[in-house]
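Structure, as structure tokens:
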Amino acid sequence: MYNRKEIMAKLAKLDDIVSLCRRRGFIFQSSEIYGGLASCYDYGPLGAELKRNVRNAWWKHVVQMRDDVVGLDCSILMHPMVWKASGHADKFADLVTVCKKCNTRTRVDHLQDSREGTAEEHTEHVDIETEAARPHDLAGKVCPACGTVGQFTPPMAFKLMFETQMGANVDDTMTLYLRPETAQGIFANFRNVLDSTRVKVPFGIAQIGKSFRNEVTTKAFIFRTREFEQAELEFFCKPGTDEQWYEHWKQQRFDWYLNLGIKKENLRFRDHDPDELAHYAKACVDVEYKFPFGSGDWQELEGIANRTDYDLRQHQRGIRTMNDWYESKGDLTKISLKAESEDYLKGPLAYFDEEARERYVPYVIEPSAGVDRSTLAFLVDAYDEEEVKGEQRNLLRFSPALAPVKAAVFPLVKKDGMPDIAMNIYNDLKKQFTTFYDEKGAVGRRYRRQDEAGTPYCITVDGQTKKDNTVTVRERDSMEQARVNIDQVKTFLREKLDL
RNA sequence: GCGGGCGUAGCUCAGUGGUAGAGCGUCACGUUGCCAACGUGAAUGUCGUGAGUUCAAAUCUCAUCGCCCGCUCCA
């Protein structure tokens with residue numbers, strides 16, 4: 001825990017970062033010219049590069065470098081039955097009540113009973129239709145904030161999925177949902193990938209894309225937003241091998257953050273307690289980062305779950321329910337999923353393992369990362385202030401792979417032919433790296449500006465360049481300079497940047 | 001949604017009823033030979049938005065929007 005002073009210092013740090021993000025074009029408030037739109041943010045020129053680098057680093061680690069993972073890019077809108085089968089349509093809602101005495105909002109299923117001293121067991125999302133209709137006896141419940149018994153408002157329901165209409169003809173539209181997770185698109189395409197890609201279990205399908213959740217409350221800059229980007233892997237494996245794959249991905253994903261420069265002391269695992277697990281999950285662990293907001297506490301970047309064979313089996317039930325769906329004219333609330341077939345092991349989403357000569361529905365290990373969250377973590381972790389000759393230097397110590405700009409090229413002064421030489425170097429480098437050219441003002445200022453953008457290297461053409469064809473290469477973190485032959489600059493950068 | 005704090009230039013902020021300001025940043029020109037240099041000049045504001053009180057509102061009142069902190073959620 002932190003004392004008040006430390007918390008204020010942390011908050012000040014986040015404010016500094018938010019301010020820098022805006023000032024340097026990393027992240028803007030959405031629709032700002034119209035007063036802003038809550039919970040929505042836009043990535044500016046530097047932020048777009050940074051976020052794309054985060055995505056690419058994830059894809060490289062999870063797909064490109066692996067022999068057992070393939071990629072996918074699904075549409076955001078999917079058949080409504082997907083969400084019936086996944087459980088989101090019925091259960092992706094919270095029932096919340098407010099204590100009249102202290103105005104604290106609490107989920108109904110989290111309330112303790114004064115008579116029994118226990119909360120209801122499950123912490124899952126409730127079935128909104130049946131639950132809201134059911135009379136709730138809150139008379140004996142205790143407010144966790146002020147201890148008052150039985151002073152609650154009637155429960156309110158929150159729908160956590162965004163709805164939208166497909167079809168321009170108003171008389172003939174269908175209600176669809178913006179996906180609340182990318183995972184279901186992977187499960188829905190499991191058969192397609194199997195049939196078209198010659199993959200064999202164990203293998204994974206990865207996807208990066210936007211998801212939408214009508215969060216009750218948003219939080220902390222881009223940390224919790226209603227529109228957000230996920231990077232998810234569903235790794236399919238044979239039942240019985242799931243625990244070792246779970247451990248494997250735990251380690252893989254943790255190391256990914258460390259290798260991209262997150263400080264070890266700011267990253268940790270947090271295992272979910274058994275009673276905290278969703279009913280389908282056998283195990284779940286969060287990768288948490290010590291963000292400088294909230295009460296200075298750890299916040300989740302990524303969840304890694306053992307989802308068992310739940311999702312694939314649910315979708316087999318969903319497929320069997322299609323007739324009911326047609327008959328109900330698409331009203332999801334009027335139908336319930338058909339029971340599982342007795343020979344579900346022969347269903348379309350089951351797998352025949354030729355080596356073992358047996359059928360099974362694969363177990364799934366799911367590492368699910370928040371792209372915006374990790375982008376924020378990389379920003380926060382890279383941010384540094386230090387004093388140089390009495391002046392404050394702000395810099396972002398990005399890993400080279402994440403740095404929005406890899407190198408900047410300057411003429412020391414704007415004369416004696418230096419700009420031409422520098423421009424030639426720039427034109428050559430930009431074919432390979434995101435490069436920036438600047439010839440305005442004092443060179444010291446240009447260095448500092450690049451520090452704030454997190455550019456690892458600055459290349460300066462100076463008076464000596466014309467004599468011996470060398471340039472100064474200045475390193476961001478140490479501010480040290482080395483002379484490098486112009487012909488060697490590209491090789492030098494490639495080695496140093498490891499790109 | 002409820003409680004607390006806040007909203008003035010790109011950023012940080014001053015301005016408590018009487019002509020909208022400072023520092024930093026940005027741009028131009030000159031100067032400048034390696035770490036936010038210097039000189040001169042310039043641009044930039046619906047004072048979050050709307051209404052009300054007033055001869056006069058950034059300032060007082062009300063509403064509204066947005067942000068931050070807490071409660072809930074969770075990638």
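Side chains included, hydrogens not; waters and symmetry mates left out as well; all remaining heavy atoms used. Order of the sequence lines sets the chain letters (A, B, ...), proteins ahead of strands, with each chain counted from 1.
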Name the nucleic acid region contacted by A:Glu300, choosing base, sugar-phosphate or nothing; use a 4.0 angstrom heavy-atom cut-off, strictly under. base
Under 4.0 Å, heavy atoms only, any strand: does A:Ala442 hit a base, just the sugar-phosphate, or nothing? base
Nearest to the A:Gln29 side chain among B:rC34, B:rG66, B:rA75, which nucleotide is it? B:rG66
Under a 4.5 Å cut-off applied to non-hydrogen side-chain atoms, are A:Arg307 and A:Phe187 in contact? yes
Closest to side chain of A:Lys440, choosing from B:rA75, B:rA28, B:rG25: B:rA28
With nearest nucleotide decided by heavy atoms, which residue, A:Gln481 or A:Gln230, maps closer to the 5′ end of RNA chain B? A:Gln481
Looking across every strand, which nucleic acid part, if any, lies under 4.0 Å from A:Leu20 by heavy atom: base, sugar-phosphate, or nothing? nothing
B:rA75 base stacked by A:Phe228 (centroids within less than 5.5 Å, tilt under 30°): yes
Check every strand shown and say whether A:Glu452 touches a base, only sugar-phosphate, or nothing at a heavy-atom separation below 4.0 Å. base
Any strand: nucleotide that pairs with B:rU16 via Watson-Crick or wobble, under 3.5 Å: none
Name the closest nucleotide to the A:Lys415 side chain, picking from B:rU32, B:rC34, B:rA36. B:rU32
Could you state the CZ-P distance from A:Arg226 to B:rC73, rounded to the nearest angstrom? 15 Å
Complementary nucleotide for B:rU49 - Watson-Crick or wobble, under 3.5 Å: B:rA63
A:Glu229 CD to B:rA75 C1': how many Å, rounded? 11 Å
Write down the distance separating the P atoms in B:rU64 and B:rG3, rounded off to the nearest Å. 12 Å
Are the aromatic ring centres of A:Trp83 and A:Phe162 under 6.0 angstrom apart? no
Which value, in whole Å, describes the distance between the C1' atoms of nucleotides B:rC60 and B:rG17? 8 Å
Please identify each residue that fulfils side chain to side chain contact (heavy atoms under 4.5 Å, CB included) with A:Pro456, with sequence neighbours left out. A:Ala403, A:Arg476, A:Leu497
Assess whether a salt bridge exists between A:Arg55 and A:Glu229, defined as any Lys/Arg side-chain N lying under 4.0 Å from an Asp/Glu carboxylate O. yes
So which nucleotide does B:rG1 pair with, by the Watson-Crick or G-U wobble rule with both distances under 3.5 Å? B:rC71
G-U wobble or Watson-Crick pairing nucleotide for B:rC35 (cut-off 3.5 Å, both distances): none
Provide, to the nearest angstrom, the distance between the NZ atom belonging to A:Lys51 and the C1' atom belonging to B:rA75. 12 Å
N or O in side chain of A:Arg393 less than 4.0 angstrom from B:rC35 OP1/OP2: no
Rounded P spacing from B:rA43 to B:rU49 in Å: 23 Å
Given the P atoms of B:rU40 and B:rG48, what is the spacing between them in whole Å? 33 Å
With a 3.5 Å cut-off and just heavy-atom distances, do the side chain of A:Arg213 and the base of B:rC73 make a donor-acceptor pair? no
What I want to check is whether an N or O donor and acceptor connect the side chain of A:Thr472 with the base of B:rC34 at under 3.5 Å. yes
Once you apply a heavy-atom cut-off of 4.0 Å, does A:Val443 come out as touching a base, just sugar-phosphate, or nothing? sugar-phosphate
A:Tyr41 has a side chain; which of B:rA28, B:rC68, B:rG10 sits nearest to it? B:rC68
Name all residues meeting the side chain to side chain contact (heavy atoms under 4.5 Å, CB included) criterion together with A:Ser211; count only those two or more places apart in sequence or in a different chain, and write none if there are none. A:Arg179, A:Thr182, A:Phe228, A:Gln230
Determine the Euclidean distance between corresponding P atoms of B:rG30 and B:rC35; express it in Å to zero decimal places. 23 Å
A:Glu385 CD - B:rA36 P separation (whole Å): 17 Å
Between atom CZ in A:Arg224 and atom P in B:rC73, what is the gap in whole Å? 9 Å
Does the structure place the NZ or CZ of A:Lys250 under 6.0 Å from the centre of the six-membered ring of A:Phe269, at an angle of no more than 45° from the ring's axis? yes
Can a donor-acceptor pair under 3.5 Å be found between the side-chain atoms of A:Arg22 and the base atoms of B:rC11? no
Contact check, side chains of A:Thr472 and A:Arg483, non-hydrogen atoms, under 4.5 Å: yes
If B:rU40 has a Watson-Crick or G-U wobble mate with both distances under 3.5 Å, name it; if not, just say none. B:rA28
Watson-Crick or G-U wobble partner of B:rC11, both distances under 3.5 Å: B:rG23
Rounded to the nearest Å, what distance is computed from the CZ atom of residue A:Arg445 to the P atom of nucleotide B:rU31? 18 Å
Residue A:Met479, side-chain atoms from C-beta onward, closest of B:rA28, B:rC34, B:rC35: B:rC35
Whole Å only: how far is the CZ atom of A:Arg24 from the C1' atom of B:rG25? 10 Å
